[in-house]
Visitor: 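Got a structure here, written out as structure tokens. Questions coming.
The model shown is predicted, which means the values in this text are computed figures rather than measured ones. Any value given below was found using the heavy atoms of this structure, including those in side chains, with hydrogens, waters and symmetry copies removed.
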Amino acid sequence: MKRGQGPGQWTKVLRRGAALFLATVTVWVLSLTADMGAAAETFRTLAESPAFVAAALQAELGHVETGTDTLDALESWQRLVLDQSPTLMAGRAQVSRYLSDPTAQGGADPEPPQPSAVQEPDDPEDPHQLPASTTAPDDIVGRTLAPVSGDGYASAGGVYIENRPGLPLDVAALASAALTLELPADGPQVLIMHTHGTEAYTPDGADVYTPSGDCRTTDENYNMIRVGEEIASVLTSMGLTVLHDKELYDYPNYSGSYDRSLAAVEQYLQDYPSIRVVLDVHRDALIGEDGTVYKPITTIDGVKTAQVMLVMGSNAKYDHPDWQENLSLAVKVQREMNTLWPTLARPIGLRENRYNQQTTTGSLLVEIGAHGNTLQEALAAARCFARAAGAVLLAYK
């Protein structure tokens, strides 16, 4: 028997091994009746909590030596237990940070949990750290993204919805449904904001910026603020009253950006009760499995133009009673884009998260192009989207 692995320590391993077996059986039983994706998300969420990591380490391992930045400081039986814990393995980096400095991570004296609203994850389709790319800017692949058939989509009248939650949808009914939306004559009617405002495009020509991350910049002349300005200008010229929030909610911290933008939207709605429409303007990120960067692109009136995608929330995971009215508005805007420019819009994306769209019945998340597009392609798309959205909204003025 190796030094440091006495009978008492192996008893701990056996005891915890039995507990692991019971936990595995429990998860297996849950898998028959519950959503395993939710269980995995729970593991990840717990593993990101310094207080949980500290408590779990103490419960699983007892006393552990801290003050080192390596997991090798753990004894072999402790590493074995760590490797069998799905939550601690999911938060291996957090465990390492705790072992290095428990005080800095809050592990030595964890604060009691505070009651809060339901926390939603940041958009998984809009990563802060882009996947590794093997494509040089000159080799970015342009594609006009459009369904070749209705397979995999809910569709009617040329409007396609990628229904990831698998919810019952009647697209024709959504297109013809009457909306409660009514734009007041006085006061701001439309709020444009950006949960991920630092998102930017591939530098091109004179559109070169100082980056704050992968295809990100705090320079509002080149990030989503610039795109939002283009949309605001067109909507204003059409007779709508627009507020443009230029705050960066994803900088300097990306995590929690939807919580911060939600608080801002709620404050705007309180300060300006006339606001009926909230446009959260983003750009997408498209990278193939081989690292190739793609950009959604079309040509409108001889101008290279990024494609537009509306991403809509649902009540699949969180309370969102008016999601179908929001989706109905999106379908109407999509249909107008299809009428004016048949290749401008990608299929609508229906998702499980809400993206703060529970705040109004006129909320849309708008993806203008992707990070492989240029700013000028995105601005051309922004103008087209605004003309189509404005035409729809004017019917409710």
Side-chain angles (χ1 to χ4, degrees), residues 31 34-38 40-41 121 123-127 131 135 140-177 282-300 305-318 320 323-355 357 363-373 377 381 384-385 388-389 392:
S31 71
D35 180 4
M36 285 302 295
E41 183 63 36
D123 187 357
E125 296 184 64
D126 197 5
T135 308
I140 292 172
V141 178
R143 290 283 188 270
T144 299
L145 304 179
V148 295
S149 75
D151 293 345
Y153 296 95
S155 63
V159 174
Y160 293 83
I161 299 177
E162 183 193 15
N163 182 8
R164 287 194 186 176
L167 297 170
L169 288 181
D170 185 336
V171 181
L174 289 168
S176 61
H282 298 240
R283 61 106 174 103
D284 203 354
L286 300 175
I287 297 182
E289 292 183 358
D290 61 354
T292 300
V293 174
Y294 295 89
K295 65 177 180 180
I297 191 77
T298 187
T299 301
I300 294 177
T305 304
Q307 287 186 287
V308 176
M309 181 180 183
L310 302 179
V311 178
M312 303 305 298
S314 70
N315 67 344
K317 273 188 163 183
Y318 306 99
H320 186 8
W323 69 274
Q324 292 191 74
E325 181 153 0
N326 275 323
L327 184 57
S328 179
L329 174 61
V331 168
K332 295 176 192 301
V333 173
Q334 184 92 349
R335 189 171 56 179
E336 185 68 17
M337 285 193 286
N338 290 348
T339 299
L340 296 172
W341 307 285
T343 58
L344 174 64
R346 296 162 58 187
I348 295 171
L350 183 66
R351 304 293 185 253
E352 292 182 332
N353 290 339
R354 295 179 300 185
Y355 306 112
Q357 292 171 7
S363 294
L364 303 175
L365 191 156
V366 189
E367 301 268 16
I368 303 291
H371 73 300
N373 289 105
E377 292 166 352
C384 291
F385 163 75
V392 172

Visitor: Grab the two heavy atoms, one from Ala345 and one from Asn338, that are nearest each other, plus how far apart they are.
Guide: CB-OD1, 4.1 Å
Visitor: Rounded to the nearest 0.5 Å, what's the gap from NE2 on His320 to OH on Tyr355? Could you check?
Guide: 11.0 Å
Visitor: When you look at Leu145 and Leu286, which way does the side chain to side chain contact (heavy atoms under 4.5 Å, CB included) test go after all the steps?
Guide: CA-CA 11 Å; Leu145 304 179; Leu286 300 175; 4.0 Å; yes
Visitor: Kindly give the heavy-atom pair with the smallest separation between Ser155 and Tyr160, and that separation in Å.
Guide: CB-CD2, 3.5 Å
Visitor: Taking the side chain as every heavy atom from C-beta outward, state whether Leu329 and Glu325 have any pair of such atoms under 4.5 Å apart.
Guide: no
Visitor: So which heavy atom on Ser314 is nearest to which on Pro165, and how close?
Guide: OG-CG, 3.9 Å
Visitor: Can you tell me how far the CG atom of Leu310 sits from the CD1 atom of Ile348, to the nearest 0.5 Å?
Guide: 5.5 Å
Visitor: Checking side chain to side chain contact (heavy atoms under 4.5 Å, CB included) for the pair Val141/Thr135: CA distance, chi angles, key distance, verdict?
Guide: CA-CA 9 Å; Val141 178; Thr135 308; 5.7 Å; no
Visitor: Please report the shortest heavy-atom distance between Ala370 and Tyr294, naming the atom on each side.
Guide: CB-O, 4.4 Å
Visitor: Without swapping roles, check the side chain of Thr305 against the backbone of Glu377 for a donor-acceptor pair under 3.5 Å.
Guide: no
Visitor: Hey, is the main chain of Arg335 close enough, under 3.5 Å, to the side chain of Thr339 for a donor-acceptor pair?
Guide: yes
Visitor: Answer yes or no: is there a donor N or O on one side and an acceptor on the other, between the side chain of Asp290 and the main chain of Thr292, under 3.5 Å?
Guide: yes
Visitor: Say whether, by atom type as modelled, one donor and one acceptor occur between the side chain of Lys332 and the main chain of Ala175 under 3.5 angstrom.
Guide: yes
Visitor: Sub-3.5 Å donor-acceptor pair from the side chain of Asn326 to the main-chain atoms of Ser363, do we have one?
Guide: yes
Visitor: Identify the heavy atoms of Val333 and Val392 that sit nearest to each other, and give their distance.
Guide: CA-CG2, 4.0 Å
Visitor: What distance do Ile368 atom CD1 and Met309 atom CE have between them, rounded to the nearest 0.5 Å?
Guide: 12.0 Å
Visitor: Taking side chain to side chain contact (heavy atoms under 4.5 Å, CB included) as the criterion, tell me which of Leu364, Leu167, Leu350 meets it with Leu327.
Guide: Leu350
Visitor: I need the Asn373 CG to Ile140 CD1 distance, nearest 0.5 Å.
Guide: 8.0 Å
Visitor: Does any N or O in the side chain of Glu367 come within less than 3.5 Å of the main-chain N or O of Val308, such that one atom is a donor and the other an acceptor?
Guide: no
Visitor: Return the CZ to CG distance between Arg351 and Leu365, rounded to the nearest 0.5 Å.
Guide: 10.0 Å
Visitor: Between Glu162 and Arg346, does any NZ, NE, NH1 or NH2 come within less than 4.0 Å of an OD or OE carboxylate oxygen?
Guide: no
Visitor: Could you check whether any side-chain N or O of Gln357 sits under 3.5 Å from a backbone N or O of Trp323, counting only pairs where one atom can act as donor and the other as acceptor?
Guide: no
Visitor: Assess the residue pair His371 and Arg283 against the criterion (side chain to side chain contact (heavy atoms under 4.5 Å, CB included)); give the C-alpha distance rounded to whole Å, side-chain angles, the decisive distance to 0.1 Å, and a yes or no.
Guide: CA-CA 7 Å; His371 73 300; Arg283 61 106 174 103; 3.6 Å; yes
Visitor: For the atom pair CG (Asn353) and OH (Tyr318), what is the distance rounded to the nearest 0.5 Å?
Guide: 5.0 Å
Visitor: Could you tell me whether a side-chain N or O of Asn163 sits under 3.5 Å from a main-chain N or O of Gly166, the two making a donor and an acceptor?
Guide: yes
Visitor: Return the minimal non-hydrogen interatomic distance between Leu344 and Cys384, and the atom names on each side.
Guide: CD2-CB, 3.6 Å
